[in-house]
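Quick note on labels: first sequence line is chain A, next is B, and so on, each numbered from 1. Computed from a predicted model, the values in this text were never measured in an experiment.
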Amino acid sequence: MVESTGQSARPATFRTTRQWTIADGHARSQRRPHRRPERADRQCRTGPREHRRAGGKTCGAAAVTVFADALLAWFDRHGRHDLPWQHPRDAYRVWLSEIMLQQTQVATVIPYFQRFVAALPSLHALAAADEDSVLALWSGLGYYRRARFLHRAAQLCVEQHQGELPRDFDALAALPGIGRSTAGAILAQAYGLRYPILDGNVKRVLTRFHGIVGHPSEREVEKQLWLRADEHTPAARTADYTQAIMDLGATVCVRTRPLCDACPMQAHCIAHRDHLTAQLPTAKPGKRIPTRSTLMLILRDGEGRVLLQRRGPQGVWSGLWSLPESADSDGAWREAQRHAQIEDARSLTPFVHVFSHYRLQIQPLLFDHAAPARAIADNADLRWYAIADLPSLGLPAPVRSLLTALPEPAVP
DNA sequence: AAACCGGGGGG
DNA sequence: CCCCCAGGTTT
């Protein structure tokens, strides 16, 4: 039971700008709240969603229909219904288009798609082809690894699935190059089965619509997104819905400057309500950076002066006055003893300073009642400074805050 | 230069 | 299970 219109569009999966006729139609359409009588809980009497099979990939019940109804109404008027993989829309062509669209714009994919299916019109033909010719057909699209996955998957289908793409979610997702989202997209579009998808466009739509904060790479956020994706997926017209939500993300709910006035969901969109469309989805967290650690030595003499050291010309904070450092505790003591007679050390609260390319874990070590060593005390790069003099020095921010918040000397 | 992304693979 | 990477193009 595939859905009604018998045709459907498939937008680009990610990064895509679709250049179809957004302009006037959209602006007109959205202003009519296409809401139907609101059948809150229609087809699903399944009670608490039954997420178990396929490890929670599947769909239990469509809980919310306002979303799907508005989206489908929009899609009927403004969606794209003329893409080559829609006519005919069989599993092989849907699959091929999905893989191609994972990496390239619709406009670019179309001629490759047509060339590919002309040369290899069926899954059997693909499976029987040699890898070189598959790669030749792929040539220019990039991401050739996916072409190899495609080829291998076709051969696996011949060996294990009677030459067809399996309709079973787990079997489908077990094929190389097909993960949870792509499996859902294929099942929904080729077979009309109710499975959610979650590609980049859908993530953007859902984070905005629900005001979900946090990058999708965070586990909780992704969980939340899949939940919402599942919740909104209707049992009827699943194929159209799947295409529609991707269309919306690709053309209206675009990353920068979304066309909210053309959006059928504007009235219910949290991000729009709260003026957060520019902040959502949350920007990618800074890439992983290494953490280094250092001990910072605070030598303080009886008059409250501290020993500062000018940093060398290389590396961070070059030329700034900073604290002597050491990598480990032993080294810290040796270093301290070079500059003063010391008795004991107190470790202060460690903290982290973040640079663009690494984070620095700083463990301050306070040597109080230090008696400056005579001869080597002051020179161009090594001086005892009164705390009161610090404001006039160039100090790294963490060093400055550390020194301005020193604890009182312990009473001897 | 960096962000982008679904899936594979490694830890 | 969780984290990281590959890969070409866009911002």
J.: Please work out if A:P176 contacts a base, only the sugar-phosphate, or nothing of the nucleic acid, heavy-atom cut-off 4.0 Å.
T.: sugar-phosphate

J.: Between B:dG7 atom P and A:D170 atom CG, what is the distance in whole Å?
T.: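 Result: 14 Å.
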
J.: Mind checking which stems touch DNA chain B? I mean at least 3 consecutive Watson-Crick or G-U pairs, both distances under 3.5 Å.
T.: B:1-5 with C:7-11, B:7-11 with C:1-5

J.: Within the structure shown, what part of the strands sits under 4.0 Å from A:L141 by heavy-atom distance: base, sugar-phosphate, or nothing?
T.: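 No contact.
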
J.: A:T182 side chain N/O closer than 4.0 Å to the phosphate oxygens (OP1, OP2) of B:dG7?
T.: yes

J.: Within this structure, what is the OH-to-P distance between A:Y144 and C:dG8, rounded to whole angstrom?
T.: 7 Å

J.: Please give, in whole Å, the distance from B:dG9 P to A:R148 CZ?
T.: 13 Å

J.: Nearest of B:dG6, C:dG7, B:dG8 to any side-chain atom of A:Y143?
T.: C:dG7

J.: Which nucleotide in the list B:dG6, C:dG8, B:dC4 gets nearest to the side chain of A:R255?
T.: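 Closest nucleotide among those given: B:dC4.
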
J.: Enumerate the residue pairs fulfilling salt bridge (Lys or Arg N to Asp or Glu O under 4.0 Å) with a member in residues 150-165 of chain A, sequence neighbours excluded, ordered by first and then second residue.
T.: none

J.: Just the rounded figure in Å: distance from P of B:dG6 to CG of A:L175.
T.: 19 Å

J.: For A:R152 and B:dG8, give me the distance from atom CZ to atom C1', rounded to whole Å.
T.: 10 Å

J.: Just jot down the ring-ring contact (aromatic ring centres under 6.0 Å, His included) partners of A:F209, sequence neighbours excluded, or say none.
T.: A:F67, A:H232

J.: Nearest heavy atom decides the nucleotide; on that basis, is A:R145 or A:G140 closer to the 5' end of DNA chain C?
T.: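 That would be A:R145.
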
J.: Output yes when A:R300 and A:E408 qualify as a salt bridge under the 4.0 Å nitrogen-oxygen rule, no when they do not.
T.: no

J.: How close or far is atom C1' of C:dT9 from atom CE of A:M100, stated in whole angstroms?
T.: 17 Å

J.: Looking only at non-hydrogen atoms, find the nearest pair between A:A171 and A:H161 and report the distance.
T.: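 Here A:A171 and A:H161 meet closest at CB-CE1, 3.9 Å.
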
J.: On a heavy-atom basis, which atom in A:T238 and which in A:A188 lie closest, and how many Å separate them?
T.: CG2-CB, 3.9 Å

J.: Without swapping roles, check the side chain of A:H272 against the backbone of A:D261 for a donor-acceptor pair under 3.5 Å.
T.: no

J.: Side chain of A:Q266, backbone of A:C260: donor and acceptor closer than 3.5 Å?
T.: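 Judged by distance alone, yes, a pair lies under 3.5 Å.
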
J.: Taking CH2 from A:W226 and C1' from B:dG7, how many angstroms apart are they, rounded to a whole number?
T.: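 My rounded result for the distance is 12 Å.
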
J.: Please determine whether a side-chain nitrogen or oxygen atom of A:R219 lies at a distance below 4.0 Å from atom OP1 or OP2 of C:dC2.
T.: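 A:R219 to C:dC2 OP1/OP2: side-chain N or O found under 4.0 Å.
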
J.: B:dG6 phosphate, OP1 or OP2: any side-chain N/O from A:K203 under 4.0 angstrom?
T.: yes

J.: Expressed in angstrom and rounded to an integer, what is the separation of A:E218 atom CD from C:dC3 atom P?
T.: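 About 11 Å, once rounded to whole Å.
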
